[in-house]
Amino acid sequence: MADYFQEMGWRELEDGEQPNHLLHMARFLIDFGHYDDYLTGEWPRLPPAASKEAVKNLQEIVIQTENKECPICLKKFQVNEKAKEMPCHHLFHEKCIITWLNQTNSCPFCRYELPTDDEEYEAFKKQKLRAEQRKEDIETLHNSMFS
Ligand SMILES: [Zn+2]
Ligand SMILES: [Zn+2]
């Protein structure tokens, strides 16, 4: 992932340099929305914000080891600093991940999806899941018939 950020021309901040969170996040979001395998392009825009409930229920943890960095602002966590943990176990500064999840519902690192409050999107997700299951059923049937 570090290489990925380097390719995108991002670098760690110099001492005393303030991160331009909004600019950085905007670039990150635009890029994130353009992953070409993302939902195989069936959902025509960035998925909606995470549900308020899901955001509220994120675990808060205390950083124990050095050398972990927040994937959003790329700043290293300090030992004993508090961080928010996504269900996929990725860690972020509270401010970073909450701003992020107000834009879109998935982990900026691995795209693990939190539930949303958007009925249209939730219906789309269910439909997509059903379509995938049907495809698997057909494959299983096909395999059982031809092997
Ligand atoms: Zn951060
Ligand atoms: Zn993750």
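Whatever order the structure lists them in is the order used to number ligands and atoms, beginning at 1. Nothing fancy with the numbering, it's 1 onward along the sequence. Model, not experiment: these values are computed from the prediction. Keep in mind that the numbers below use all heavy atoms, side chains included, and drop hydrogens, waters and symmetry copies.
- Residues Tyr121 and Asn105 come closest through the heavy atom pair CE2-ND2, 3.7 Å.
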List the steps, then state whether salt bridge (Lys or Arg N to Asp or Glu O under 4.0 Å) holds for Lys135 with Glu132. CA-CA 5 Å; Lys135 200 168 139 244; Glu132 273 165 16; over 6 Å; no

For side chain to side chain contact (heavy atoms under 4.5 Å, CB included), just list the numbers for Met86 and Leu114, CA-CA rounded to whole Å, side-chain angles, deciding distance to a tenth of an Å, and then say yes or no. CA-CA 9 Å; Met86 288 279 285; Leu114 291 176; 4.0 Å; yes

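- When rounded to 10 degrees, the angle formed at the Zn ion (ligand 1) by SG (Cys96) and ND1 (His93) equals 120°.
- Angle subtended at the Zn ion (ligand 2) by Cys110 SG and Cys107 SG: 110°, rounded to 10 degrees.
- Counting only distance, with no hydrogens or angles, the side chain of Glu122 and the backbone of Pro115 share no donor-acceptor pair below 3.5 Å.
- Between the Zn ion (ligand 2) and His89 there is no N/O/S contact shorter than 2.8 Å.
- Taking the Zn ion (ligand 2) as reference, the nearest N/O/S atom within His90 carries the name ND1.
- Here the CZ atom belonging to Arg111 is positioned 11.0 Å from the OG1 atom belonging to Thr104, to the nearest 0.5 angstrom.
- Taking the Zn ion (ligand 1) as the apex, the angle formed with SG of Cys73 and SG of Cys70 is 110°, to the nearest 10 degrees.
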